[in-house]
Colleague: 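Can you read through this structure? Questions will come right after.
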Amino acid sequence: MGGKASLAVLGIVVALGLFVGISKMAGYDYVACIGMSWGGFRPVAETREHRFLGKVREDTARCRGDDKAVAFRSTPWVDWANYWATADGDSKSGEWLAFTGVLRHFLKDGFGIDGALMDLEYERIELIKFNLFDNDTFKDYVAGRDGVVGPAVKIWPEMRLPRDHPNYADLGVDDDGAQTCTGPLIRYRTLTGICNDLKNPAMGSTGQVFARNVPFEETFPRLGYGELIKNRHGDRIGLLQPDPQTISRKLFTRAQDDPTKCNQGRGLAGNSTDAACDYKKAPFFNVLAAFWIQFMNHDWFSHLNEGRNDLDKEPMNVGCPTPDLGCRPGDRMDRALFADESEPGTFEHNGKTRLLRARKTTQNFVTAWWDASQIYGYDERSRRRVGRDPENPARLSMVRVDGRTSAGDRFGYLPTFQRCRGDSADCYINPEWVGQEAVAFPDNWTIGLSFLHNLFVREHNAFVEAFQSQAAQTPNDDSGLRDPDNASKVIRYQDVSADELFQVARLVVAAEIAKIHTIEWTPQLLYDEPLHAAMNSNWYGLAKGHPLIEKALARVVDKLGKSEVGPKATSWYSVFASGPGIIGTGSAKKGWDLTNPDDVNGGVNHFGSPFNFPEEFITVYRLHALLPDLIEYRDLGGDPNVIAQKVPVVETFRGAATKEMRARGMANWGLSLGRQRLGKLALRNHPRFLQNLEMPIRLKGIGTETLDVAALDILRDRERGVPRFNEFRRQYGLKSLTSFDDFIDARLRRREGSLTDAEKNELADQRTLVKLLRQVYGTHKCNAKIITAAQVDDNGEPIDDCLGQPEGTQVDNIEDLDTVVGWLAETTRPHGFAISETQFQVFILNASRRLFSDRFFTSSFRPEFYSTFGLAWVNDNGPDGKVMETGEPNGHEQEVSPLKRILLRAIPELKGELETVINVFDPWARDRGDYYTLEWAPRPGAEADEAFARD
Ligand code: HEM
């Protein structure tokens with residue numbers, strides 16, 4: 001060996017020695033990491049039963065989280081939650097090495113966080129690969145079309161508009177009937193959501209059929225089709241079996257220390273503060289966040305047509321058989337609406353017979369796009385409910401309210417529905433909506449919806465005002481807008497008409513809402529570092545601040561998006577899209593041209609399946625447990641630390657919400673909803689008032705005219721054929737459970753000898769709940785019949801109904817568990833998760849698709865549509881450039897959040913209260929402390945707040 005070579009070898013040995021030495025000193029298990037790296041990347045699964053279940057090899061777990069991560073590999077729950085730095089400060093390694101920049105990825109905490117992100121990306125890739133089932137186009141997805149494999153098909157004849165559609169004549173239609181949207185149809189978000197995709201005009205529009213995320217054969221288990229379903233459930237399940245109201249009363253009812261003080265959620269006379277309705281609280285999420293998601297749901301989906309189910313069929317009996325539980329034997333309810341209940345038909349592929357669609361399909365009565373349709377409308381009737389300011393039609397109607405004189409009140413309040421006169425907005429409503437604020441989606445109106453609708457209408461008008469003021473200053477400047485019918489003509493500020501500005505404002509408001517949801521609401525719902533990174537990457541990309549990497553990855557995404565080679569390109573697309581982010585995909589293409597549909601539309605990716613929400617998505621949004629029974633009302637003009645009244649939520653329902661809003665004003669309601677913690681999504685934590693909701697108008701003459709909404713959540717999922725919990729998990733790529741005992745948090749069980757009092761109570765509560773689950777759902781003697789094709793057990797063997805026990809054992813009927821009950825029972829969750837991992841899995845797929853599929857968030861996220869002024873408003877969270885928070889919350893430089901900026905514009909009187917707020921959905925007086933703490937402790941100045949004294 002020559003001198004140079006010997007030196008090199010010596011150098012390597014010394015470097016290795018140093019690495020090992022440093023690693024040992026740092027307590028680092030480098031062997032595990034080498035083992036992990038040696039194993040290479042896990043291949044994306046070829047078949048569904050071999051997919052990634054969020055469970056990693058032992059050396060991987062050890063490298064990313066040491067003994068703690070290894071210890072919980074045997075549980076059904078995802079492993080990444082136990083990696084380094086994925087929880088609060090205690091989960092950090094405490095390594096004395098402190099690198100920044102790229103090098104931090106080579107430290108324990110970096111391995112933990114990056115490992116979690118990798119696991120999440122694997123989940124997303126395989127969800128896209130295995131979980132898309134569209135009721136209209138499934139055959140093409142499986143068998144391909146015209147030589148293109150299914151997942152690469154981009155245009156579907158089923159997504160064309162019918163000849164009798166009012167906009168048919170406005171389309172470009174070629175000889176073989178293919179349609180292309182042009183001109184005014186592509187300029188803005190259309191009322192009914194048509195032409196978001198230029199080549200698939202009907203996709204996502206009002207009235208389209210909901211999709212599924214599970215094979216059609218596995219839907220409607222209660223109908224008992226197929227061997228696997230029969231083996232899984234025997235004859236144990238049905239529409240009313242086990243009884244939904246019994247489930248509601250035994251498993252959902254909130255325990256009360258003093259039931260008289262709660263009064264079934266109705267509180268005490270005069271909104272007395274002596275009232276008390278106990279509920280399990282999430283310390284890091286506020287009541288405003290609960291109403292936010294109701295506000296979002298109304299934008300995304302509705303099974304109900306104008307607030308009604310199927311009125312043509314006889315209402316069904318939903319009364320409970322055991323009234324001693326407090327439920328009502330006499331309850332009756334209208335039945336779910338279906339779009340198609342005929343026999344679905346089948347097709348053959350690779351020797352297998354497949355259903356063409358689910359046995360029954362349901363319709364989405366609003367647009368599936370994130371287009372703020374709850375504010376602006378989704379069909380002609382709903383549009384007529386929305387008022388435009390006659391004096392300035394770019395604005396939405398607001399009115400002055402007597403006595404409301406604070407700074408933000410200059411923007412006014414929404415007008416209200418009155419009795420019908422001539423052709424007024426009031427003629428397009430249901431009788432139960434009289435007296436409440438006039439909006440496009442008025443059903444189940446609450447004080448929170450009132451707050452958020454008023455807020456975003458104020459924002460709409462604030463944007464219009466700012467744009468018009470800019471136009472007054474620079475009338476001859478190019479606004480950036482272009483008319484697709486005359487693409488080369490510059491549109492100056494002074495040329496922008498009121499109608500054009502109205503539509504631009506809608507685009508801006510919708511994008512602000514999507515941004516708030518993506519980088520503010522969700523990171524607080526899932527309050528830990530991996531999800532902070534993941535959600536920000538959906539919006540900005542992981543490569544934020546590295547423009548060269550961003551550009552290179554954008555090119556890869558563009559190529560993959562156009563690829564027709566199919567599943568492989570589809571798999572990698574989402575990985576590369578996390579680099580530059582989803583927002584703006586395809587919008588920065590060199591030479592982007594408004595007259596070229598392939599540019600305007602080029603950034604979307606539907607992964608071979610037209611976009612709509614799946615039925616299963618609605619299931620995981622049945623979040624009624626978030627609501628408290630009583631709102632802790634505070635007065636901004638008095639002492640915000642004092643709970644001045646306890647206002648029952650049920651007293652702020654429908655028209656009562658509007659009265660309350662006007663009587664007390666936006667600022668006081670903002671303060672109250674912002675400071676109070678919302679309800680934990682857990683068993684025995686549903687609001688009492690929702691179990692006893694009187695609906696005298698909607699249910700006139702039907703049963704008791706009273707509803708148990710919690711029971712109805714279960715019933716509706718059964719009606720619409722959502723698979724039960726364990727199969728649901730298997731189908732979504734999560735490990736199934738083997739008994740109700742799996743719901744007990746193994747992390748508590750493991751430390752049983754050293755638990756705090758609170759933890760002891762928690763464990764005891766979990767054990768009680770397991771007993772109750774067993775009581776309600778029962779057990780059966782198993783006979784080793786195979787129950788699923790979606791997953792195999794740890795030994796690679798088929799899963800049978802004995803779930804790992806010997807044949808003949810009495811096993812839990814865990815297969816029968818309703819999905820909502822199952823995810824509410826999940827006590828083992830990643831840190832800071834206000835939802836369960838099962839719900840989250842559904843979001844990973846569908847929250848990404850909602851952005852990937854929408855050209856207004858991808859290739860049409862451009863000045864030609866939003867205006868230069870509007871695009872900057874969305875990107876900077878308002879006018880006048882970016883505004884930064886001081887300090888580095890959770891270790892990140894952070895912009896003042898988009899919702900905080902809106903609140904400061906629309907309700908400036910909240911300025912003092914919002915001073916320390918980093919995320920508007922974190923309770924406003926909570927000390928955010930260090931690194932993702934969930935502590936319920938007051939920030940300086942709020943020590944006297946009673947909410948901190950109570951528990
Ligand atoms: C005072 C507050 C609320 C009341 C009175 C209420 C009431 C109701 C009622 C009566 C239904 C219709 C059931 C049916 O006929 O199928 C419903 C559905 C639903 N609610 Fe609520 N709700 C409230 C708040 C919320 C909140 C905060 C959420 C949060 C996400 C939520 C999510 C849902 C969902 C996802 C559905 C199913 C919608 C569909 O089938 O398309 N609700 N609610």
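Order of appearance sets the numbers: ligands from 1, and atoms from 1 within every ligand.
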Colleague: Looking only at heavy atoms of F291, does any of them come nearer than 4.0 Å to an atom of ligand 1?
Modeller: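 F291 does not count as a contact of ligand 1 under the 4.0 Å cut-off.
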Colleague: Students often mix this up, so state it plainly: with edges at 30° and 60°, are the rings of Y621 and F301 parallel, tilted or perpendicular?
Modeller: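 Judged by the thresholds at 30° and 60°, the geometry between Y621 and F301 is tilted.
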Colleague: Hey, is W300 touching ligand 1 through its side chain, its backbone, both or neither, going by heavy atoms under 4.0 Å?
Modeller: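 Neither; no heavy atom under 4.0 Å.
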Colleague: Would M296 count as a contact of ligand 1 if the rule is a heavy atom under 4.0 Å away?
Modeller: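 It does not; every heavy atom stays at 4.0 Å or beyond.
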Colleague: Return the orientation label for the W521 and F285 ring planes: parallel under 30°, perpendicular over 60°, tilted otherwise.
Modeller: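 Rings of W521 and F285: tilted, 30 to 60°.
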Colleague: Using a 4.0 Å heavy-atom cut-off, say whether L690 meets ligand 1 through its side chain, its backbone, both or neither.
Modeller: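 Near ligand 1, L690 shows its side chain, while the N, CA, C and O stay back.
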Colleague: Show your working on salt bridge (charged side-chain N to carboxylate O under 4.0 Å, His left out) between E437 and R662 and close with a plain yes or no.
Modeller: CA-CA 10 Å; E437 282 112 320; R662 288 173 166 218; 5.6 Å; no
Colleague: Quick one: look at D713 and ligand 1, take heavy-atom pairs under 4.0 Å, and tell me if it's side chain, backbone, both or neither.
Modeller: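 No part of D713 is near ligand 1 at this cut-off.
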Colleague: Can you find a non-hydrogen atom of V650 under 4.0 Å from ligand 1?
Modeller: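 Flag not set, V650 not near ligand 1.
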Colleague: Say whether N309 and ligand 1 are in contact under the criterion: heavy-atom distance to a ligand atom below 4.0 Å.
Modeller: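 It does; at least one heavy atom falls under 4.0 Å.
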Colleague: Can you say whether the rings of H517 and W300 are parallel (under 30°), tilted (30 to 60°) or perpendicular (over 60°)?
Modeller: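 Aromatic pair H517/W300 classed perpendicular.
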Colleague: With under 30° as parallel and over 60° as perpendicular, where do the rings of Y378 and F441 fit, or are they tilted in between?
Modeller: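 Y378 and F441: tilted rings.
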Colleague: What do you reckon, does R720 put a non-hydrogen atom under 4.0 Å from ligand 1?
Modeller: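 True for this residue.
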